[in-house]
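Residues: numbered from 1 along the sequence shown.
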Amino acid sequence: MKQILKIRDVTLRDGQQSQFATRMNASQVEQLLPLYKEANFYALEVWGGAVPDSIMRYLGENPWQRLEMIRDGVQKKSKLTALSRGRNLFGYTPYPDTVIEGFIKHAIESGIDIMRIFDALNDIENMRSSIDFVKKYGGIADCAVCYTVDPHFSLSSRVRAHIQGKRLPQKLFTIKYFVEKAKELEKAGADIITIKDMAGLIDPETSDKLIQALKNEIGVPINLHTHCTPGFGTASLLMAIINNVDIVDTAVLNFSGGPAAPGYEIIQIFADLLDIDTGINKPTVAQINAKLRTIRKELEKYDEYKLLPPEIDIATFKPDNELYTLFTAAVESAQKHKTAKVLEYCQKIEKAFNYPEPNKIVQKAQIPGGMYTNMLAQLKDLKLEKHTREVLEMVPQVRLDSGIPPLVTPTSQIVGVQAVNCVVDKTQGKPMYSNVSKNFLELVKGSYGKTPWPIDPAFREKIAGTREPIPYDVSKYKPQPNPILPEYGNVPLAVNEKEQLLLELFPQVADKFLRETRKREYEEQQKNVPEKPELYPPEFWEYLLVHMEA
């Protein structure tokens, strides 16, 4: 029986978020929908992540309307998928079940078929209610285990830890760790298990071993999601395919590579060489890719790399002899599990498709690209760019102190900001952790859940004033206010439950967006109000005036 490989296209969410700061507007998305309807991808990731926030903040668009437009355009020909951070949903705040249920209920009603649920700490308890609500409302629970690597401690860090009597972990994030998390999620009701590698840190050797182990021990479909930032993405997907992974995430070529996912077209060539059926309508994807090239040029000011791949039609494309040799060599090496060779050939293939060079800093420091650029921006604002190396060396220490959280949003940003704060403390002659961010305090306190590594009680007391972890108390959650707006006809700021959810999840951004929406609606309403007819016609007043004079 022919092997089947399902493709989840992430172009409209992760692709545009990774490459172009989530700036695709509704009209750019809409023109692609007739083609996506015919492309026959297993699923399309179209919502969640930064999409709802960004389109309100920068484009003045309604996230629910964006989702419903895609639903109506695709008409169930592919499943629509969204991303959710479990109990945190989109931000840093752990929400009560009422908010989580409302969000999931309306997301599914508005078109979402698959909800990908993850937790930044891989704390399964933070995911359970989301899993239950997705299944309650008829959705598919795609449960993600966040991929991360162990911190690399410098010799000086190890010596300092020894002097201080601190225990450093040996190997924490092993194949066994990820398989055990997947087993927990399967028991919790997962319909799909995704290895979610937002930083692109899973190398082909690890992908080979991990997917093989998951396929041996997990009964639900396995999905691999990764990025190309440090140069592993294509090779790691190929090794997953060799090990019979069920689903892979790709972006259409013009939105792929660099900080984004590997290109569908490259994976399709591998699938063809391996006689694997993806079921994709290649001529239609070629049309999507051509339109994306135009859209990419329209988004040029958000395009960090400005490296367009060659123009190809995947339906008719035949690699030249040199490129074909690279593809076949990569496949042969993968079949023999020679992962170093697979990486070598796949990086040459990526170069042939004009992908950015692998990010060596991200590869060496083993941190997400977004975390690195945010730390650089923070240092630049402080005029401390010369301390970049010190900050990178500080990351493992801060990560250890805070329980070795996986480096995934939002914990990657929390650790990154605190690493910069600690270096700033040193430059000012202050002890480390003199300046602690609110989010770091909450992480150490226990508000975000259980960390993979135990936090030193003395350190927790120093930072958060308690030796024992204190979980977030959702009973104290206060809903966002929904005021009446007298200036716009005494209507409430949020006029329905979906808008109230926007206020709960994105308070400042949604407040501004909804005020502008109510203003626009009120002004339009005033334009359409007919003028009151005069009680008497002009002829009556003329008649009266004449007769009064008489």
Between Asp123 and Arg87, is there a salt bridge with N-O shorter than 4.0 Å? no
Would one find more than 12 heavy atoms of other residues, nucleotides or ligands at under 6.0 Å from atom NZ of Lys105? yes
Can you tell if the side chain of Met24 reaches within under 4.5 Å of the side chain of Leu12, non-hydrogen atoms only? yes
Under a 4.0 Å threshold between the charged nitrogen and the carboxylate oxygen, would Lys282 count as salt-bridged to Asp313? no
In short, Asn223 meets Asp249 closest at the heavy-atom pair ND2-OD1, 3.1 Å
Pairs where residues 356-379 contributes a residue and the test salt bridge (Lys or Arg N to Asp or Glu O under 4.0 Å) is met, not counting sequence neighbours: none
Glu68/Lys498 ion pair, N-O < 4.0 Å: yes
How close do Pro358 and Pro230 get, counting heavy atoms only, and between which atoms? CB-O, 3.4 Å
Quick check: do Gln16 and Phe255 have side-chain heavy atoms less than 4.5 Å from each other? yes
Is the shortest distance from a Lys or Arg side-chain nitrogen in Glu180 or Lys183 to a carboxylate oxygen in the other one below 4.0 Å? yes
Could you go step by step and tell me if Val51 and Leu67 meet the side chain to side chain contact (heavy atoms under 4.5 Å, CB included) rule? CA-CA 10 Å; Val51 167; Leu67 174 56; over 6 Å; no
Neighbour count above 12 (heavy atom, 6.0 Å) for Asp320 CG: yes
For Glu350 and Cys228, work out which heavy atoms get closest and say how close. OE2-SG, 3.9 Å
Would you indicate whether Lys338, at its atom NZ, is surrounded by more than 12 heavy atoms from other residues, nucleotides or ligands within a distance under 6.0 Å? no
Side-chain donor/acceptor of Asp275 to backbone N/O of Ala271, under 3.5 Å: no
For the pair Glu311 and Arg293, find out whether any cationic side-chain nitrogen is under 4.0 Å from an anionic carboxylate oxygen. yes
Side chain Thr373, main chain Gly370, donor-acceptor under 3.5 Å: yes
Can you tell me if Ser18 uses its side chain to pair, donor with acceptor, with the backbone of Gly15 under 3.5 Å? no
Decide yes or no for Leu214 and Ile195: does some side-chain heavy atom of the first lie under 4.5 Å from some side-chain heavy atom of the second? yes
When you measure from the side chain of Thr411 to the backbone N and O of Pro406, does any donor-acceptor pair fall under 3.5 Å? yes
How far apart are the C-alpha atoms of Gln347 and Tyr355, what are their side-chain angles, what is the distance that settles it, and do they pass the side-chain hydrogen bond (donor to acceptor under 3.5 Å, both in side chains) test? CA-CA 9 Å; Gln347 288 188 342; Tyr355 277 17; over 6 Å; no
In Å, rounded to the nearest 0.5 Å, how long is the span from OG of Ser78 to CD1 of Ile7? 11.5 Å
Is the OH atom of Tyr305 crowded by more than 12 outside heavy atoms at less than 6.0 Å? yes
Are Tyr36 and Asp9 side-chain neighbours, meaning at least one heavy-atom pair lies under 4.5 Å? yes
Please tell me if the side chains of Val46 and Arg71 come closer than 4.5 Å, counting only heavy atoms from C-beta onward. no
Donor-acceptor under 3.5 Å (Ser256 side chain, Leu253 main chain): yes
Around atom CD of Gln75, are there more than 12 heavy atoms of other residues, nucleotides or ligands at under 6.0 Å? yes
CD1 (Ile222) and NZ (Lys215) are apart, to the nearest 0.5 Å, by 6.5 Å
Does atom NZ (Lys176) have a neighbourhood of more than 12 heavy atoms from anything else shown, all under 6.0 Å? no
Does this structure show an ion pair linking Asp142 with Arg116, if we count only N-O contacts that are shorter than 4.0 Å? yes
Please examine the side chains of Tyr95 and Asn88, heavy atoms only from C-beta on, and report whether any two atoms are closer than 4.5 Å. no
Closest non-hydrogen atom pair, Gln17 against Ala50: OE1-N, 2.9 Å
Show your working on side-chain hydrogen bond (donor to acceptor under 3.5 Å, both in side chains) between Asn289 and Asn254 and close with a plain yes or no. CA-CA 6 Å; Asn289 191 45; Asn254 276 306; 2.8 Å; yes
Indicate, with yes or no, if the rings of Phe41 and Tyr264 have centres closer together than 6.0 Å. yes
My understanding is that only one of Leu407, Val408, Asp197 makes a side-chain contact (heavy atoms from CB on, under 4.5 Å) with Tyr147; could you say which? Asp197
Minimum-distance pair of heavy atoms, taken over all atoms of Glu45 and Thr81: CA-OG1, 3.1 Å
Distance from Leu307 atom CG to Gln19 atom CD, nearest 0.5 Å? 9.5 Å
For the pair Asp203 and Thr206, evaluate side-chain hydrogen bond (donor to acceptor under 3.5 Å, both in side chains) and give the outcome as yes or no after the intermediate values. CA-CA 5 Å; Asp203 57 67; Thr206 306; 3.0 Å; yes
Taking Arg520 first and then Glu516, would you say they form a salt bridge - that is, a charged N and a carboxylate O separated by under 4.0 Å? no
Mind checking whether Phe90 and Phe103 have ring centres under 6.0 Å apart? yes
Rounded at 0.5 Å granularity, tell me how far CG in Leu308 sits from CG in Leu292. 11.5 Å
Main-chain N/O of Phe173 paired to Asp150 side chain as donor or acceptor, under 3.5 Å: yes
Basic-acidic side-chain contact under 4.0 Å: Lys341, Glu344: yes
Within-4.5 Å side-chain heavy-atom neighbours: Ile124 and Leu185: yes
Assess whether a salt bridge exists between Arg296 and Asp303, defined as any Lys/Arg side-chain N lying under 4.0 Å from an Asp/Glu carboxylate O. yes
Side-chain heavy-atom pair Ile131, Met115 within 4.5 angstrom cut-off: no
I'd like to know if Arg8 and Asp14 make a salt bridge, using a cut-off of under 4.0 Å between side-chain N and carboxylate O. no
What pair of heavy atoms forms the shortest contact from Asp191 to Pro221, and how long is it? O-CD, 3.3 Å
Is it true that Glu385 and Lys380 have a side-chain N and a carboxylate O under 4.0 angstrom from each other? no
Drop me the distance from Ile288's CD1 to Lys291's NZ, to the nearest 0.5 angstrom. 10.0 Å
Test side-chain hydrogen bond (donor to acceptor under 3.5 Å, both in side chains) applied to Arg399 and Ser412, step by step: CA-CA 9 Å; Arg399 200 174 166 208; Ser412 57; over 6 Å; no
Walk me through it: do Glu332 and Lys336 pass the test salt bridge (Lys or Arg N to Asp or Glu O under 4.0 Å)? CA-CA 6 Å; Glu332 288 167 9; Lys336 295 174 182 175; 5.6 Å; no
Residue pairs passing the ring pair (Phe, Tyr, Trp, His ring centres under 6.0 Å) test where at least one lies in residues 202-229, sequence neighbours excluded: His225-His227
